[in-house]
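Source: prediction; values computed, not measured.
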Amino acid sequence: MAHQNEIRFLLNGKDTTVVDPKATTTLLDYLRIDQRLTGTKEGCAEGDCGACTVLVGRLRDGKLKYETVNACIRFLASLNGCHIVTIEHLSGPDGRLHPVQEAMIEHHGSQCGFCTPGFVMSLYALWMETPAPSAQEVETALQGNLCRCTGYEPIVQAALAINQYGSPSNDYLNRERSDVTARLAALQSTSRIETGPADDRAILPRDVSDLAEVLAEHPEATLVAGSTDVGLWVTKFMRPISPVVFINHLEELKDITLDDDALTIGAGVTYSESEAAIREAFPHLREYWDRIAGWQVRNMGTIGGNVANGSPIGDTPPVLISLGAEVTLQKAGGARTLPLEAFFIDYGKQDREAGDFVASICIPRAKPGQIDAAYKISKRRDEDISSVAVGISVVLEKGTIAEARIAFGGMAATPKRAASAEAALVGQSWSAEAFDAAAKALAQDFTPLSDWRASAEYRLLVAGNLLRRFHLEHDTAKDAPVRLAIA
């Protein structure tokens, strides 16, 4: 079968073709080195600082959607059929400043200027989606942008004032949306794409069936959806990852189904794409979801990738396990479904046979009497990795705890249920004493490590106090004494 050996996309307003791009060439390097578009900066090279923020537009069900992404960890080869928009594209034909840029100047939102292009691009994306945002919406949009010298107050004030300088309806990306949509539709590939040399190979399967064939041919391949983790393997560890199979373009892995029984999320669904369904089905995850990385990473990273990676400090596995989620694995020979907790075997090892890939995650809806919560402890509130994360789910029947599912991240080599703590709760009445006993039982479930994020002693202490916090926040006994044990 003949395969395409080039990727095609729009770069700002220009149709662009790149023949045989390497799998590990980042979008940032391509923009700065090959195209000399140096407004996009490299700060951290790991998707934390946001100085490299650009917009990427992609067709989804025939509609064009623009999102902020970190160019430093986004691989060029994954961008076939996309519209890449950099800071250079914001000025008009006559060179006039964009309304976002005018607002930043008028409200003194820039000092050294290094981080400013990234801030402008994030505010641009917000302005197009929400022309009159609240201060909270602005702060959420800027979670993935770090500034060391200005302070955020003038930047927030600029964001709130953009409409004084122009309207999104007159913006280029909105005025030209139908034209760009048609141009991107013409760039979509109907065949498999294989590019790059043998030691830096990129493969974009035609569809999910072709993905299964590719993995049967290359069981050693690195599967990449959002590249929010794999990107660092390249930029920080110089790790060889060839061949790389990119899947973020596969529509079949983007399905979201919500019914009375469960929420089923395709492995290619990003955190941002899943947000509305997650909030509807599991309202207790609203705040938790906003604390997963920053906006750019939520636009790139996928729940399926977070699960498949198997990190003991991944944000989603603990809460999904507590809710009784199941994962479906697929390969050329068929599919199988297993409880998510059984997928994680040991550090860096998952129950994945040769050719397997995560296809979807199914999360049951709550039962009558079910109480759920999710907590994340990190050094920095926003855009930080968990020191400890926990999902807690209990079912109450006439004041007695009939079921308990408690899963922690950051406490063991894998995301893991707290079996002894659960046993201490089941059959007990809803009381501070029951949760105090469960907190103490955690020492039987976990022997956490000490690292730069937290000591073992801290992890056990905070884990126990999160169980006590769960009880206090959901205690309906009006005359029950409120107390919080800290030792």
Side-chain angles (χ1 to χ4, degrees), residues 39 50-51 53-58 60-61 63-70 83 85-92 96-111 115-147 150-181 270-280 283 285-300 381-383:
T53 301
V54 299
L55 299 191
V56 171
R58 183 186 288 281
R60 176 78 172 102
D61 295 328
K63 295 182 180 179
L64 178 57
K65 169 75 172 178
Y66 287 97
E67 294 180 314
T68 55
V69 305
N70 293 120
H83 184 196
V85 182
T86 72
I87 188 76
E88 288 85 356
H89 198 50
L90 267 64
S91 62
R96 290 183 57 187
L97 291 176
H98 189 274
V100 179
Q101 294 168 315
E102 287 193 74
M104 286 285 282
I105 291 171
E106 292 299 323
H107 290 268
H108 310 287
S110 178
Q111 282 192 19
C115 67
T116 302
F119 273 95
V120 168
M121 296 306 288
S122 290
L123 293 181
Y124 181 28
L126 175 66
W127 179 64
M128 285 199 300
E129 283 194 2
T130 311
S134 65
Q136 179 61 53
E137 288 171 323
V138 172
E139 291 175 6
T140 299
L142 295 181
Q143 284 173 321
N145 292 84
L146 303 182
C147 178
T150 304
Y152 292 87
E153 185 61 27
I155 298 173
V156 173
Q157 292 305 313
L160 297 174
I162 295 172
N163 274 349
Q164 298 175 19
Y165 305 94
S167 168
S169 62
N170 294 323
D171 185 76
Y172 168 81
L173 292 189
N174 282 325
R175 286 189 287 107
E176 305 295 330
R177 187 171 289 263
S178 59
D179 175 62
V180 171
T181 298
T270 66
Y271 301 114
S272 294
E273 290 168 338
S274 66
E275 182 178 7
I278 287 286
R279 290 184 173 191
E280 180 178 347
L285 293 179
R286 175 183 295 269
E287 181 180 352
Y288 190 91
W289 223 247
D290 282 344
R291 292 191 59 200
I292 297 175
W295 195 18
Q296 296 91 325
V297 169
R298 290 197 295 273
N299 289 337
M300 294 168 59
R381 174 174 173 78
D382 290 326
E383 202 192 11

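Without hydrogens or angle criteria, Ser122 side chain to Phe119 main chain gives no donor-acceptor distance under 3.5 Å. Proximity of a side-chain donor or acceptor of Trp289 to a complementary backbone N or O of Ile278 within less than 3.5 Å is not detected. With hydrogens and angles disregarded, no donor-acceptor distance shorter than 3.5 Å links the side chain of Glu106 to the backbone of Ala103. Side-chain atoms of Asn145 come within 3.5 Å of backbone atoms of Gly118 as a donor-acceptor pair (strictly under, hydrogens ignored).
Among all heavy-atom pairs drawn from Thr140 and Arg298, the shortest one is CG2-NH2, 3.6 Å. Leu55 and Met128 make their closest contact through CD1-CE, 3.9 Å (heavy atoms, listed as atom of the first residue, atom of the second, distance). Annotation for Pro133 and Ala159: closest pair CG-O, 4.4 Å, computed over non-hydrogen atoms.
Looking only at atom types and distance, the side chain of Asn299 has no donor-acceptor partner in the side chain of Glu273 under 3.5 Å away. Between the side chains of Thr130 and Glu137, no donor-acceptor pair is found at a separation under 3.5 Å. Between the side chains of Ser167 and Ser169, at least one donor N or O sits under 3.5 Å from an acceptor N or O.
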Stepwise side-chain hydrogen bond (donor to acceptor under 3.5 Å, both in side chains) test for Gln143 and Arg291: CA-CA 9 Å; Gln143 284 173 321; Arg291 292 191 59 200; over 6 Å; no

From CA spacing to verdict: side chain to side chain contact (heavy atoms under 4.5 Å, CB included), Glu139, Asp290: CA-CA 11 Å; Glu139 291 175 6; Asp290 282 344; over 6 Å; no

Worked check of side chain to side chain contact (heavy atoms under 4.5 Å, CB included) between Val85 and Val54: CA-CA 6 Å; Val85 182; Val54 299; over 6 Å; no

Side chain to side chain contact (heavy atoms under 4.5 Å, CB included) between Leu146 and Glu383, worked out: CA-CA 10 Å; Leu146 303 182; Glu383 202 192 11; 3.9 Å; yes

Residues Gln136, Ser134; criterion side-chain hydrogen bond (donor to acceptor under 3.5 Å, both in side chains); working and verdict: CA-CA 5 Å; Gln136 179 61 53; Ser134 65; over 6 Å; no

Worked check of side chain to side chain contact (heavy atoms under 4.5 Å, CB included) between Val180 and Leu64: CA-CA 8 Å; Val180 171; Leu64 178 57; 3.7 Å; yes

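With a 4.5 Å cut-off on side-chain heavy atoms, Asn70 and Met300 count as touching. Contact of the Glu129 side chain with the Lys65 side chain is registered, since non-hydrogen atoms from C-beta on lie closer than 4.5 Å. Two residues are said to be in side-chain contact when any heavy atoms from C-beta on lie closer than 4.5 Å; Leu126 and Pro131 fail this criterion. Glu102 places none of its side-chain heavy atoms less than 4.5 Å from the side chain of His98.
Salt bridge annotation for Glu280-Arg286: absent, with no cationic side-chain nitrogen under 4.0 angstrom from a carboxylate oxygen. A salt bridge between Arg279 and Glu275 is present, with a side-chain N of the basic residue lying under 4.0 Å from a carboxylate O of the acidic one. Ion pairing between Arg177 and Asp171 fails under the 4.0 Å rule for side-chain N and carboxylate O. One finds a salt bridge joining Arg381 and Glu287 here, because a Lys/Arg side-chain nitrogen approaches an Asp/Glu carboxylate oxygen to under 4.0 Å.
Distance check: Trp127 CH2 to Tyr165 OH gives 13.0 Å after rounding to the nearest 0.5 Å. Between the OG atom of Ser272 and the CH2 atom of Trp295 there is a distance of 8.0 Å, given to the nearest 0.5 Å. With rounding to the nearest 0.5 angstrom, the CG atom of Leu173 is 3.0 Å from the OH atom of Tyr124. The structure places CD of Gln296 at 4.0 Å from OG1 of Thr53, a figure rounded to the nearest 0.5 Å. His107 NE2 to Ile155 CD1: the interatomic distance, rounded to the nearest 0.5 Å, is 12.5 Å. Between Tyr152 atom OH and Leu142 atom CG the span is 8.0 Å, to the nearest 0.5 Å.
For the pairing with Gln101, the side-chain contact (heavy atoms from CB on, under 4.5 Å) check across Thr116, Leu90, Leu123, Ile162 returns one residue only, Leu90.
In this structure, His83 has its ring center closer than 6.0 angstrom to the ring center of Tyr66.
No more than 12 heavy atoms of other residues, nucleotides or ligands lie within 6.0 Å of CZ in Arg96, so this atom counts as exposed by the packing criterion.
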